[in-house]
Amino acid sequence: MAAGDTRREALRTRYRELVDRELPAAAARDRWTLRNDHCFGRVLLDDAVGACWYDVLGRGRGAAYRRLDDDRLAHAVAQGERLLAEGDPLLRELDARSLAWRGKQPKR
């Protein structure tokens, strides 16, 4: 496996760890605004593409995070790591931006 492929697979693995386990666990422990894995996926994907992710990546062609280019995937992982460090204040900011891209009001 080429070095780029190894890095990409490591980023994909880390993304899934963050979205599926670590962020929901931190959210439940610290009572964050969002707690479900799919919500973290939405927030990270939208932030990575700078819009509603399915407007950029489309729907139905496999997992959206697998369709991110290397830079956007690295950005999503970095933001997930930031969420672990900074918690709910950053989550509220990213969620509000994600919801705005979808034409929805931010949560209170």
Side-chain angles (χ1 to χ4, degrees):
M1 188 179 281
D5 293 337
T6 302
R7 178 178 181 268
R8 183 168 182 75
E9 219 26 66
L11 286 169
R12 285 177 171 171
T13 297
R14 184 62 185 139
Y15 176 89
R16 294 302 334 166
E17 289 170 349
L18 288 163
V19 169
D20 292 342
R21 288 182 291 288
E22 293 183 35
L23 292 169
R29 180 187 65 235
D30 298 333
R31 297 186 176 153
W32 293 358
T33 312
L34 301 177
R35 297 201 181 155
N36 296 319
D37 58 354
H38 64 274
C39 295
F40 290 110
R42 170 185 54 84
V43 166
L44 292 178
L45 289 170
D46 283 2
D47 188 66
V49 301
C52 176
W53 69 262
Y54 51 78
D55 289 343
V56 175
L57 302 174
R59 297 183 188 234
R61 298 181 317 221
Y65 77 97
R66 292 187 162 276
R67 289 181 266 136
L68 294 172
D69 63 31
D70 290 352
D71 290 340
R72 287 175 167 170
L73 180 58
H75 178 86
V77 169
Q79 287 295 71
E81 300 288 1
R82 272 189 70 204
L83 281 172
L84 284 178
E86 297 179 32
D88 198 53
L90 176 60
L91 179 59
R92 287 176 184 270
E93 177 185 324
L94 296 178
D95 185 43
R97 191 167 37 207
S98 171
L99 292 171
W101 284 323
R102 293 158 183 273
K104 299 180 179 181
Q105 294 296 315
K107 295 176 179 70
R108 294 176 192 226

- Item | Where R42 and S98 come nearest, the two heavy atoms and their spacing |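 In this case the closest contact between R42 and S98 is NH1-OG, 2.7 Å.
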
- Query: How far apart are the closest heavy atoms of R67 and R59, and which atoms are they?
  - Reply: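 Where R67 meets R59 most closely, the heavy atoms are NH1-N, 4.4 Å.
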
- So D20 and F40, side-chain contact (heavy atoms from CB on, under 4.5 Å) or not? Walk me through it. CA-CA 9 Å; D20 292 342; F40 290 110; over 6 Å; no

Strictly below 4.0 Å, N to O, side chains only: are [X] and [Y] in salt-bridge contact?
X: E22; Y: R16; answer: no
X: R31; Y: D88; answer: no
X: R97; Y: D46; answer: no
X: R21; Y: D37; answer: no

- With sequence neighbours excluded, what pairs up with R82 under the side-chain hydrogen bond (donor to acceptor under 3.5 Å, both in side chains) test?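 By the side-chain hydrogen bond (donor to acceptor under 3.5 Å, both in side chains) rule, R82 matches Q79, E86.
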
What's the spacing between [X] [atom1] and [Y] [atom2] if we round to 0.5 Å?
X: E93; Y: T33; atom1: CD; atom2: OG1; value: 12.0 Å
X: L91; Y: L23; atom1: CG; atom2: CG; value: 8.5 Å
X: R66; Y: L57; atom1: CZ; atom2: CG; value: 14.0 Å
X: D30; Y: L84; atom1: CG; atom2: CG; value: 10.0 Å

Hphob cluster co-occupancy, [X] + [Y], side-chain heavy atoms under 4.5 angstrom:
X: L99; Y: L44; result: no
X: V56; Y: V77; result: yes
X: W101; Y: V43; result: no

- Run the numbers on L34 and R92 for side-chain contact (heavy atoms from CB on, under 4.5 Å), then give the verdict. CA-CA 9 Å; L34 301 177; R92 287 176 184 270; over 6 Å; no

- Task: Kindly indicate, with the supporting measurements, whether the criterion side-chain contact (heavy atoms from CB on, under 4.5 Å) is fulfilled by L45 and L68.
- Result: CA-CA 8 Å; L45 289 170; L68 294 172; 3.7 Å; yes

- Query: So which pairs with a foot in residues 53-78 pass ring pair (Phe, Tyr, Trp, His ring centres under 6.0 Å), sequence neighbours left out?
  - Reply: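 Only Y15-Y65 qualify under ring pair (Phe, Tyr, Trp, His ring centres under 6.0 Å).
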
- Message: Working note: L11 + R7, criterion side-chain contact (heavy atoms from CB on, under 4.5 Å); need CA distance, chi angles, decisive distance, verdict.
- Response: CA-CA 6 Å; L11 286 169; R7 178 178 181 268; 3.6 Å; yes

- Message: Treating N36 as the side-chain partner and H38 as the backbone partner, does any N or O pair qualify as donor plus acceptor under 3.5 Å?
- Response: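 Side chain of N36 to backbone of H38, a donor-acceptor pair under 3.5 Å: no, none is there.
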
- Pairwise side-chain contact, C52 with R102, heavy-atom cut-off 4.5 Å (strictly under):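 When only atoms from C-beta onward are counted, R102 and C52 do touch, with a gap below 4.5 Å.
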
